Amino acid sequence: MLSRRALLRGHLREEPRILPPGLVRPVAEICQQCRACVDHCPASIISLKSGMPALDFSFEGCDFCGECRDNCPHSDVFFEEDLTFPHTAQVLSHCLALNGVDCQSCRDHCPADAIRFRPRAGGPWHPDVAQDDCTGCGACIGHCPTNAISISVRSGPHVDAQS
Ligand code: SF4
Ligand code: SF4
Ligand code: SF4
């Protein structure tokens, strides 16, 4: 099933699964589908996708509150101690600023100040994501007017590896 984001933006491609922060990936395969994480996420960004939890950053990012882990009946086995994501944000080539249109919306909504704009003579400044500072929270994604922010596995290929 396509995500709400994909439907709203007219995309036909299934988006990759993003697991709650700290959730150990193989554990998703034995998740009991109890929905505790879905029901307790204050940002309402978790849903069950093919029976397994999946985050949607279309409208909200994750603030690492830990409610998903704290309410999971198997948290001691399923979650790592650190609530981290294995991905970071990535600006795609159809970003407005990269195509001559002034925009810094992503930077304005990044709680980690991880999006830096490089000054450029004669045109809009270009965005760069500081990989060491990006937490992968996804807060920038829903604020990009052209859906030009994706996520990529840290120092690896595209996040499809999480699907
Ligand atoms: S850490 Fe909090 S905001 Fe993030 S997915 Fe879990 S419950 Fe939602
Ligand atoms: S994913 Fe979060 S930390 Fe990373 S650039 Fe986007 S808003 Fe900033
Ligand atoms: S919000 Fe989107 S279009 Fe605007 S600068 Fe950031 S990535 Fe580019």
Side-chain angles (χ1 to χ4, degrees), residues 3-5 8-9 11 15-25 27-28 31 34-49 52-75 78-120 123-156 158-159 162:
S3 72
R4 187 176 170 198
R5 179 185 185 199
L8 284 174
R9 304 204 179 194
H11 287 192
E15 295 189 344
R17 179 189 306 276
I18 303 168
L19 297 176
L23 186 63
V24 182
R25 190 171 167 266
V27 167
C31 166
C34 71
R35 292 184 55 91
C37 56
V38 176
D39 294 340
H40 286 89
C41 176
S44 300
I45 58 176
I46 310 177
S47 62
L48 293 188
K49 184 177 170 185
M52 299 298 156
L55 270 60
D56 183 349
F57 292 144
S58 301
F59 302 105
E60 296 282 344
C62 169
D63 67 3
F64 302 96
C65 67
E67 290 293 322
C68 47
R69 177 181 62 187
D70 294 348
N71 288 283
C72 174
H74 311 286
S75 61
F78 286 9
F79 283 81
E80 294 173 333
E81 187 155 341
D82 291 332
L83 292 182
T84 58
F85 288 114
H87 61 252
T88 59
Q90 176 186 40
V91 176
L92 303 178
S93 61
H94 62 281
C95 155
L96 291 176
L98 296 179
N99 290 278
V101 179
D102 200 13
C103 177
Q104 299 193 356
S105 179
C106 50
R107 183 201 64 179
D108 294 344
H109 292 90
C110 174
D113 292 327
I115 304 179
R116 320 269 161 75
F117 276 75
R118 278 179 283 122
R120 218 169 53 89
W125 294 11
H126 283 179
D128 265 334
V129 178
Q131 299 295 308
D132 289 346
D133 293 333
C134 175
T135 64
C137 73
C140 54
I141 290 176
H143 291 282
C144 175
T146 54
N147 193 22
I149 303 178
S150 183
I151 55 173
S152 60
V153 174
R154 288 185 187 276
S155 62
H158 191 268
V159 75
Q162 273 192 22

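Everything numeric here is computed off the predicted structure, so don't read it as measured data. Read the numbers this way: they start at 1 and go in the same order the structure lists the ligands and their atoms.
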Next on the checklist: For L96 versus P145, what's the shortest heavy-atom pair and its separation?
Outcome noted: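 So the minimum-distance heavy-atom pair works out to CD1-CG, 3.7 Å.
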Item to check | Taking every non-hydrogen atom, the tightest pair across F117 and C103 | outcome: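 Between these two residues, the closest heavy atoms are CE2-O, 3.3 Å.
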Return yes when [X] approaches ligand 2 closer than 4.0 angstrom through a heavy atom, no otherwise.
| X | result |
| --- | --- |
| G61 | no |
| A130 | no |
| T88 | no |

Checklist entry - Around atom 2 (Fe) of ligand 3, how many protein N/O/S atoms fall inside 2.8 Å? => result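 The number of such protein atoms is 1.
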Considering only protein heavy atoms, which is closest to [atom], and at what distance to one decimal place?
| atom | answer |
| --- | --- |
| atom 3 (S) of ligand 2 | T135 N, 3.3 Å |
| atom 8 (Fe) of ligand 2 | C110 SG, 2.2 Å |
| atom 1 (S) of ligand 2 | G138 N, 3.2 Å |
| atom 2 (Fe) of ligand 2 | C137 SG, 2.4 Å |
| atom 4 (Fe) of ligand 2 | C134 SG, 2.3 Å |
| atom 5 (S) of ligand 1 | I46 CD1, 3.7 Å |

Are [X] and [Y] packed together at the side-chain level, in the sense that at least one heavy-atom pair is separated by less than 4.5 angstrom?
| X | Y | result |
| --- | --- | --- |
| F57 | C62 | yes |
| C65 | P42 | yes |
| C137 | D63 | no |
| L98 | P127 | yes |

Checklist entry - Taking non-hydrogen atoms only, is W125 closer than 4.0 angstrom to ligand 3 via side chain, backbone, both or neither? => result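 No part of W125 comes within reach of ligand 3.
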Checklist entry - In terms of atom number and element, which parts of ligand 2 are under 4.0 angstrom from non-hydrogen atoms of P111? => result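 So the answer, numbered in order with elements, is 7 (S).
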Checklist entry - Near atom 2 (Fe) of ligand 1, which protein N/O/S atoms are found at less than 2.8 Å? => result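 Protein N, O or S atoms closer than 2.8 Å to atom 2 (Fe) of ligand 1: C65 SG.
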Item to check | ligand 2 versus A112: contacting region, heavy-atom distance under 4.0 Å | outcome: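 Side chain only.
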Next on the checklist: For I115, which part has a heavy atom under 4.0 Å from ligand 2: side chain, backbone, both, or neither?
Outcome noted: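 It is the side chain that touches ligand 2; the backbone stays farther off.
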Checklist entry - With sequence neighbours left out, what residues match E67 under side-chain hydrogen bond (donor to acceptor under 3.5 Å, both in side chains)? => result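 side-chain hydrogen bond (donor to acceptor under 3.5 Å, both in side chains) list for E67, sorted by chain: N71.
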Checklist entry - Pairs in or reaching into residues 128-148: which pass salt bridge (charged side-chain N to carboxylate O under 4.0 Å, His left out), with residues at least two apart or in two chains? => result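 Sorted pair list: R116-D133, R118-D128.
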